[in-house]
Amino acid sequence: MKDLETILRHTIAAQGPIPVSDFMAECLLHPRFGYYATRDPLGAAGDFTTAPEISQMFGELLGLCLAQSWLDQGAPAPFTLAELGPGRGTLMADILRATRAVPGFLDAAQLHLVEASAALQDVQARTLAGHDIRWKTSTDDLPEEPLFLIANEFFDALPIGQFVRQGTGWAERRIGLSDTGLAFGLAPPQPLPLLAHRLDDTKDGDLVEICPAAPTIAEIIGARIETHGGVALIIDYGDWHSQGDTFQALRNHEPANPLENPGECDLTAHVDFEVLANATPSAHTRLTPQGVFLERLGITARAQALAAKLAGDALDAHIAAHRRLTHPAEMGTLFKVLGLYPSTATPPPGLEP
Ligand code: SAH
């Protein structure tokens, strides 16, 4: 039996079945055995890959989008250039390289990375060697100044609770012990004010997910942006409204049983963007599919420019990467982009209504 599974079994034996959110938090961020705490999970040798690991074009275009927004808002200096959950630091490295071409942008930028995993902080320090970086473990610790922020596949890693509708109450899905391992069960139903608005669009037996940390973080970001100016680009899989069970595990790029091998799999859930948008005092864009966003920012022209320097396998890989980021059958539609910006400013490029 794995060490984290032993710990979880003891906790459940002592306290009773635990909420999915507690299970997810322990599996991902347990200081000794948590998934992110013990490894670099990204890339071909890891369990999953992400847009910045697929192609440099993703970070370049996001960087130029942030820089254009910075210019549109009068080039405030100094400002915070922040990323939530930077993984290997690849996205930030591409942003920093692309925005060297924008006069004044990098001189005014103070880099802040919000990263919970010490192991990944080390990887980020290596990727971004030579840059002056401050690490934070909480969004709340970002400075009170203009904020230009990106979060790619960050919100999907935050723990979610799951609730099954029973009459006008909600039964929380919990994880308990079975003869063979860990098993899902349901707590007795209770009224839940947080889900009162979902009584209109759900029926008996429907499952709704709640990510308690997501609106808190969105509120902090939105407040900084409304007060000091800035933009946040939030990119993830999910939709405007959450409904249904999206709790999933990935191991070696394959779907896995989330209750097996705790701490060894990536656990995620789809993002409910409506909750993020409603939590902020600042304006928000329409939810835009990643493929549409990248096309509007000029990914095809950039892909052609890069392709001109490539041949053979490298060219094939580059063409496949372009397709993977943008095509509706790949990441183009599943992934969405939400922009937050001050109610007095114009929306960021690519996210105009
Ligand atoms: N954005 C990167 C990596 C996504 S993986 C990319 O696109 O490649 C999720 C990242 O969020 C990892 O860096 C993980 O360690 C970090 N993370 C997960 N939960 C976190 C939390 N609660 N606080 C801060 N960082 C967190």
Side-chain angles (χ1 to χ4, degrees), residues 21-31 33-63 66 81-96 111-128 133-142 149-160 211-218 220-221 232-238 248-251 253 263 265-271 276 290 294 321 324-325 331 334-337:
S21 47
D22 289 2
F23 175 78
M24 203 171 159
E26 290 291 300
C27 289
L28 291 180
L29 292 175
H30 185 283
F33 304 117
Y35 180 72
Y36 284 117
T38 51
R39 75 199 71 212
D40 169 6
L42 290 142
D47 294 301
F48 64 100
T49 194
T50 56
E53 302 296 335
I54 291 169
S55 169
Q56 68 186 73
M57 296 186 290
F58 185 77
E60 290 170 350
L61 293 170
L62 256 61
L66 285 185
L81 178 58
E83 182 172 0
L84 307 184
R88 282 184 175 163
T90 309
L91 175 53
M92 186 52 83
D94 291 337
I95 289 174
L96 294 173
L111 294 183
H112 291 265
L113 303 181
V114 178
E115 174 57 68
S117 156
L120 283 172
Q121 284 190 7
D122 286 346
V123 179
Q124 291 151 20
R126 285 199 294 278
T127 309
L128 297 165
I133 295 179
R134 271 146 260 193
W135 276 272
K136 306 277 189 261
T137 50
S138 163
T139 314
D140 212 11
D141 296 333
L142 292 174
L149 175 144
I150 42 158
N152 184 60
E153 292 212 43
F154 168 75
F155 282 95
D156 67 51
L158 299 178
I160 49 125
C211 178
T216 310
I217 294 172
I220 294 166
I221 299 169
L233 299 175
I234 299 170
I235 304 150
D236 229 306
Y237 42 94
Q248 65 175 33
L250 272 187
R251 199 175 184 200
H253 300 266
C265 312
D266 182 42
L267 298 179
T268 60
H270 284 204
V271 173
L276 299 182
Q290 173 173 301
L294 294 175
R324 194 153 171 210
L325 290 180
M331 297 172 82
L334 176 64
F335 281 75
K336 313 279 195 311
V337 188

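In this text the structure is predicted, and so the values were computed from the model without any measurement. Note that ligands are numbered from 1 as they come in the structure, with each ligand's atoms numbered from 1 the same way.
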Where ligand 1 meets [X] - atom numbers and elements under 4.0 angstrom, heavy-atom basis:
| X | value |
| --- | --- |
| F154 | 11 (O), 20 (C), 21 (C), 23 (N), 24 (C), 25 (N), 26 (C) |
| E83 | 1 (N) |
| L29 | 19 (N), 22 (N) |
| P52 | 6 (C), 7 (O), 8 (O) |

Item to check | Contact summary for M24 and L267, nearest pair of heavy atoms | outcome: CE-O, 3.7 Å
Item to check | G89 to L128 - nearest heavy-atom pair and separation | outcome: O-CD2, 3.8 Å
Item to check | Single hit among K336, E153, M331 for side chain to side chain contact (heavy atoms under 4.5 Å, CB included) with Y237 | outcome: E153
Checklist entry - To the nearest 0.5 Å, what is the distance between CG (L42) and OH (Y36)? => result 7.0 Å
Checklist entry - Could you give the distance from CG (L149) to CZ (F154), rounded to the nearest 0.5 Å? => result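 The CZ atom of F154 is 9.0 Å from CG of L149, to the nearest 0.5 Å.
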Next on the checklist: Whether R251 and D266 form a salt bridge (side-chain N of Lys/Arg under 4.0 Å from carboxylate O of Asp/Glu) is what I want to check.
Outcome noted: no
What do we get for [X] next to ligand 1 when only non-hydrogen atoms under 4.0 Å count, side chain, backbone, both or neither?
| X | value |
| --- | --- |
| L158 | side chain |
| T50 | side chain |
| A116 | both |

Does any N/O atom on [X] come nearer than 3.5 Å to any N/O atom on ligand 1?
| X | answer |
| --- | --- |
| G87 | yes |
| E115 | yes |
| N152 | yes |

Any idea which protein heavy atom is nearest [atom], and the distance to it?
| atom | value |
| --- | --- |
| atom 5 (S) of ligand 1 | Y36 OH, 3.6 Å |
| atom 4 (C) of ligand 1 | E153 O, 3.4 Å |
| atom 11 (O) of ligand 1 | G85 CA, 3.2 Å |

Next on the checklist: So for L91, does at least one of its heavy atoms come nearer than 4.0 angstrom to any atom of ligand 1?
Outcome noted: no
Checklist entry - So do the side chains of E115 and P86 get within less than 4.5 Å of each other, counting heavy atoms only? => result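 When only atoms from C-beta onward are counted, P86 and E115 do touch, with a gap below 4.5 Å.
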Next on the checklist: Counting C-beta onward and ignoring hydrogens, is there a side-chain heavy-atom pair between L84 and N152 closer than 4.5 Å?
Outcome noted: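 The answer is no; the side chains never approach within 4.5 Å.
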Item to check | N/O donor-acceptor pair under 3.5 Å between S55 side chain and F58 backbone | outcome: no
